[in-house]
Protein chains: 2
Amino acid sequence: MELNLYTHPDDLSDAEAKGKTVVVVDVLRASSTIVQACENGVARIIPVATVEEAAKLLSTLERKRTLLGGEREGLPIDGFDLGNSPLEYTEQVVKGKTLIFTTSNGTAAITKSASAREIVLGCFLNLSAVVTHVISSRAKKVAVLCAGNLGRLSLEDFVCGGHVVDRIVDGTRASTVLNDGAVAARALANALGDVGEAVRNSSHGLRLAELGFEDDLEFCSKVDNYVTVPIVEDGRISPQNRRRC
Amino acid sequence: MELNLYTHPDDLSDAEAKGKTVVVVDVLRASSTIVQACENGVARIIPVATVEEAAKLLSTLERKRTLLGGEREGLPIDGFDLGNSPLEYTEQVVKGKTLIFTTSNGTAAITKSASAREIVLGCFLNLSAVVTHVISSRAKKVAVLCAGNLGRLSLEDFVCGGHVVDRIVDGTRASTVLNDGAVAARALANALGDVGEAVRNSSHGLRLAELGFEDDLEFCSKVDNYVTVPIVEDGRISPQNRRRC
């Protein structure tokens, strides 16, 4: 297996994504929020890159069965129903609904991976499930795509990506060839102990704490809280394409 | 002190470089070769981005006092006097000469830093000297710019950059604020033992070994072999702007 890790979406070209399984890692908070929404019975999620796309798409759907969610600079978007805190995405709020979702980094990473063979969403909440899915799918080329923060390495995504790499290497019978990003992130993940500390001390974590989202940091640091693997097919995540691993 | 690390030149915008001290780290091999050439008495070095620029510049200089050096894909360039192996840059070859120099990643990183307050070249060979220079210059904003490899993280540069960050943090009396790249690289550098192993196991190191440059890997892994700090001023490195720290 060829197993590469990229520090942010600009590092992955369309040509490199093509034919690969891409694991999009956005710990704070798109991947975590999408996993939480899936666990709580959302009907489907449509990730879009911009607020304008979200509004345009909303106009084609039934308003009362549709939610607009996401953030810019960590904060809820004017006129949206929900922000990007996973704790907002309760069963009561999301069950049976269509969610149109846009965030600064995570949905950009999904959009950037459009030419992939398969796009799955990973974070600490579903770490083992994602690894089990990737290994059992017998993917030959895997790209772990850290969402990062505005085109830069994010500590929490790099560490989580390193754990994904480490567990795939340990769990697969296939021989693995890693790029330097994967080697570095894996070594760092193994060197650091508590993932919660990396999440809290990341620049994104510090910013979210300032904005009053400390509870999100704790929640997003829970390893293997869930077994859901959201998969993006034809630009959306629907019930048929979620795996429970 | 604001102390940021960038995994490759595309991560550093002109606006971010402006007014900063930029430490360009290209262990394999531009920084190492430039340090070696300075130690061996080269008169001046003019880094250029392309082979065409090198040829154009050569036509304006006295041929017998000028050397063309550099590489593409690790190999010497047709018609050039020297490749990018530091071991070629002996006193006998370079003393008193002007060197026009172009490489795939290192000279691109230098060119990208044009708006910086000061550009210095760092590698394992002059690690402590670079750190001493940065601290004694009382720079308030420092960017450690890893050259990387064709727009991706390179293990050897990331680890070396992590050591630069670690030693600056330990050595300065000023308080330091690190970005996530600096935090990650520092933690990785501290977690790994032998820097030679990181250099040999990097994808660039493996490629150079295949091409027969094993001796370069050993040489470029020597920590604090030299005390020279090359500084780029007005697009060149001349004797007046080298420090011995």
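Side chains included, hydrogens not; waters and symmetry mates left out as well; all remaining heavy atoms used. Chain naming here is simple, since letters A, B, ... match the order of the sequence lines and numbering starts at 1 in each.
The greatest number of non-hydrogen atom pairs below 4.5 Å with chain A, out of B:Ser154, B:Ala191, B:Gly148, B:Gly151, is found for B:Ser154. If you tally non-hydrogen atom pairs under 4.5 Å between each of A:Asp10, A:Asn149, A:Leu155 and chain B, the highest count goes to A:Leu155.
Annotation: residues 107-131 of chain B contacts chain A through no residue [non-hydrogen atoms, separation under 4.5 Å].
Electrostatic pairing of A:Lys222 and A:Asp215 does not count as a salt bridge here, judged by no charged N lying under 4.0 Å from a carboxylate O. Under a 4.0 Å N-O distance rule, the pair A:Glu2/A:Lys20 qualifies as a salt bridge.
The salt bridge (charged side-chain N to carboxylate O under 4.0 Å, His left out) contacts involving residues 169-186 of chain B comprise B:Asp166-B:Arg186, B:Asp170-B:Arg186, where partners must be two or more places apart or lie in separate chains.
Exactly one residue among A:Ser203, A:Ser202, A:Ser221 makes a side-chain hydrogen bond (donor to acceptor under 3.5 Å, both in side chains) with A:Glu156. That residue is A:Ser202. Checking A:Val24, A:Val25, A:Asp157 one by one against A:Val144, the side chain to side chain contact (heavy atoms under 4.5 Å, CB included) holds for a single residue, A:Val25.
Cation-pi geometry between B:Arg72 and B:Phe80 is not met at under 6.0 angstrom from the ring centre and within 45 degrees of the axis. Cation-pi geometry between A:Arg29 and A:Phe213 is met: under 6.0 angstrom from the ring centre, within 45 degrees of the axis.
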Verdict with supporting geometry, A:Glu16 and B:Arg152, salt bridge (Lys or Arg N to Asp or Glu O under 4.0 Å): CA-CA 12 Å; A:Glu16 279 172 312; B:Arg152 304 282 180 283; 2.4 Å; yes
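Heavy-atom distances place the side chain of A:Thr7, and not its backbone, under 4.5 Å from chain B. Residue A:Leu192 touches chain B through its side chain alone, counting heavy-atom pairs closer than 4.5 Å.
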